[in-house]
Each structure stands twice: as structure tokens, then as C-alpha cells.
2 protein chains.
Amino acid sequence: MSDVALLQQLIEALKCLPGVGNKTAQRMVFHLLERDRQGALVLADRLHEAVQRIGHCKQCRTFTEHEICRICASASRHRDQLCVVENPSDAMALENNTNYRGLYYVLMGRLSPLDGIGPQQLGLDELEARLGEGQVKELILATNTTIEGEVTAHVLAEMANKKGITPTRIAQGVPMGGELEYLDSTTLSYAFAGRREFSDAE
Amino acid sequence: MSDVALLQQLIEALKCLPGVGNKTAQRMVFHLLERDRQGALVLADRLHEAVQRIGHCKQCRTFTEHEICRICASASRHRDQLCVVENPSDAMALENNTNYRGLYYVLMGRLSPLDGIGPQQLGLDELEARLGEGQVKELILATNTTIEGEVTAHVLAEMANKKGITPTRIAQGVPMGGELEYLDSTTLSYAFAGRREFSDAE
């Protein structure tokens, strides 16, 4: 058997990754030591760099190594649309899969009073101030369709209405490939209530 | 969306881990940046240390940060038993789940001519020399029960026989909790052919 000290320390350290338990960490360690020591060194350097240099965008709160992130700084984005998401990965998903050309606002969470996450933690004051500047015309609410995401969307919609800004919510309904008989009742009733005139153009 | 440069570099670097693709790597990055920057720094340090300081035991070829690993160096292990395994993780599994008190020999692979893995790569010459020293009385073949593991075991058994050492093979049969009707035919025929007298003492 291998010596415990260093190996075990590395196994423990790998367990800080989400979804990585003892067995997986062990497999990772042996893989790296046997087959990819160079990769391990690169990973170590990247981790250091990322932790030291990546902070939050002053405008949209997402992760960035600059003061203002690439999207907020871009001259070609529409500044009258602001899309609110819970996490940077949500913004990344929208960015990769839609042709949205407006800006984002990343809450870095959702309203969850029981976990101590309130308006302050999500930067809602800064968002309100920004909506007051008059540039934003549409506030797109793209929080998750969980209970907490819905509550957050409601609060944001109220905020937009007060400022005379149109809040919109991403559509809820049957996902692509969905079979009605296996759908949960909430989704089905949302989809039915939200039906629209059928058009071939879509 | 977050800036691509550093984030994307870290995502790419994480993909050197086995079983980690783009999505998982992305989830890991956001988790580390949002919730465990300290853990990421510790991980980076451990990776560096491990890659720089962990090499192979001069006696059994397993991973260790010393010349000779803890088990080979221990005075309390039986030096007349030598258990051959394919990988350090196999030795670790035996060590954690059996009360074996002998020594190990870690091939760091299995005979696989098509992949260019022959006797040299597995240190079979060193093993043969060691068997010639006369200290080892039993060579326990604990390579995997795959085709390549079986072939490797056969070669090792031959080597042991030539030196007048008893080769033994870990038992093959029905695993605990196994139901006969779902077992593959090879395992079942091995288990049947390898039946032993039933004793309550076991």
C-alpha cells in the first residue's frame, strides 16, 4: 500500500470538489500520479490564479478577473434589457444557448430567509438604484422555477413595476421532448394556462 | 456571463481529472469560487507537493514519498508472503478490508502486449530476482479477474513454480449478495467447479 501522509492529504483536499467522495478522490489521485502529473501541476497553478485574481464584476456581480466583466464592458450589447439570473452558470447557459444581446444581473443566490439570504446578500439595493437610472426598459426574470426562484422573481417584478419598467418572466411549460402523461401537475397546469395562438412562423 | 479567460482555463485544467467533463468542471469552478476558495488553495498546494514528492517504492513499486514505503519498511509484516496486485488502489483495498500482514508487489499495470505493456514495464525482472532470494514462500496472485489479469497471474504462477514458491490465487466465485440466476456463466461455472466442503467454522 502507498504511504498515507501525502497521498491521504491530497485525497482529503480533492474532497472539497462537489460530488467527490473518498473513492472518487482516490481514483483521481492515482490517475494523476500515474498518468497526468503535468495536468496536476497545471491544475494547481490555475486554481491559485483563479482564487487570487477572480472577483466580482462591479456592475453585474458575476465572476471576472477585471473590474467590469466582458459583457458589461461590451459596446455591442443592448443596454435597455437586463436579465436577472441566480448564478453565473445560469448566465453562461443563456449566453451559450440563446441569442440574447442585452446585459445580465447575477444575484449570486436567491431569496432564502431561512438561510440568511436576503435582499442585501443579493445586491437588490444596487439593482434598484440601477433600474432608477432610466436606461433599462425590460427586466427579464430568469431565476429558477423553484419556489425560492419564483419568490425572488415576484419581488423583482414588484421592484420593476415601481420604476415603470416592464418585468418579463421566462416561459414555463412543457420541456422539449416532454410527454404530457409523465409531466408533474404544476408544469402541466402552467403549460395549459399559458397556451398561445399557434403560428407556423415560430 | 463571467469572463472567459481565467475561468475557462481553470475549467479546462479540471478536465484532467478522470470522469470530469465540461459541465462538471464548470460546476466545480463555481462551487470553489463561491463557497470554498480556501479549499481550492489547499488543493493547489497538495497537488504540487504530491507531484513533486511522490515517487515509487524501491521494493514494491507503489506510490510513496520515501525510498521504501511504509509497509515494506515495517518490521511487523510477514516477509514470507508476497501479494501481487495491479495497482496501488488494489493494495489499498486489500489493506483496508482484509487482515493480510504480508508484503505487496505492485505491478502498476497488467500484461497487455497490444498496449505495449510487457514484463519490463511491470518490473517482472525485479520480482523474479526477489523470488530468487529465498525469503518469499507464498506468492499471492491478486491481479484482477479480467482476461489480462488472468494472463498476468498465469505468467507469475509459472515464475513462482520455477523458483519452488507456492503461487496462490484469490478465490473466484459468487460475490456476497449475488443471486445465481443473474450471474454470468463464467463466474457461475468457476464457483461450481471451485466448491469446497461446507464448514460451520468459516
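These numbers were taken from a predicted model, which means no experiment stands behind them. Hydrogens, waters and symmetry mates are skipped; everything else that's a heavy atom, side chains included, is used. Order of the sequence lines fixes the chain letters, A, B, ..., with proteins taken first and strands second; residue numbering starts at 1 for each chain.
- The NE2 atom of A/His31 sits 6.5 Å away from the SG atom of B/Cys16 when rounded to the nearest 0.5 Å.
- Under the 3.5 Å distance criterion, the side-chain polar atoms of A/Arg46 are left unmatched by any main-chain donor or acceptor of B/Ala13.
- Considering CG of A/Leu43 and NE2 of B/His48, their distance stands at 9.5 Å, rounded to 0.5 Å.
- Ranked by heavy-atom pairs shorter than 4.5 Å toward chain B, the options A/Ala40, A/Pro18, A/Gly39 are led by A/Pro18.
- The two residues B/Arg37 and A/Ala50 make their nearest non-hydrogen contact at NH1-O, 4.4 Å.
- A heavy-atom distance below 4.5 Å is not found between the side chains of A/Val51 and B/Gln38.
- Ranked by non-hydrogen atom pairs under 4.5 Å with chain B, the options A/Val42, A/Leu41, A/Leu47, A/Leu32 are led by A/Leu47.
- Within 6.0 Å of atom OH in A/Tyr190, 12 or fewer heavy atoms from other residues, nucleotides or ligands are found, so the atom counts as exposed in its surroundings.
- When heavy atoms are compared at a cutoff of 4.5 Å, B/Val85 does not approach chain A at all.
- Between A/Leu17 and B/Leu17, some side-chain heavy-atom pair lies under the 4.5 Å cut-off.
- The contact between A/Gln26 and chain B is made entirely by side chain atoms (from C-beta outward), counting heavy-atom distances below 4.5 Å.
- A/Leu6 approaches B/Glu65 most closely through the heavy-atom pair N-OE2, 3.0 Å.
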Can you check side-chain contact (heavy atoms from CB on, under 4.5 Å) on B/Phe30 and A/Asn87, steps first, answer last?
-> CA-CA 9 Å; B/Phe30 288 129; A/Asn87 294 305; over 6 Å; no

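- Here B/Met28 is the residue among B/Arg27, B/Met28, B/Lys15, B/Met108 with the most heavy-atom pairs under 4.5 Å with chain A.
- For the pairing with A/Ile54, the side-chain contact (heavy atoms from CB on, under 4.5 Å) check across B/Leu33, B/Leu10, B/Val29 returns one residue only, B/Leu33.
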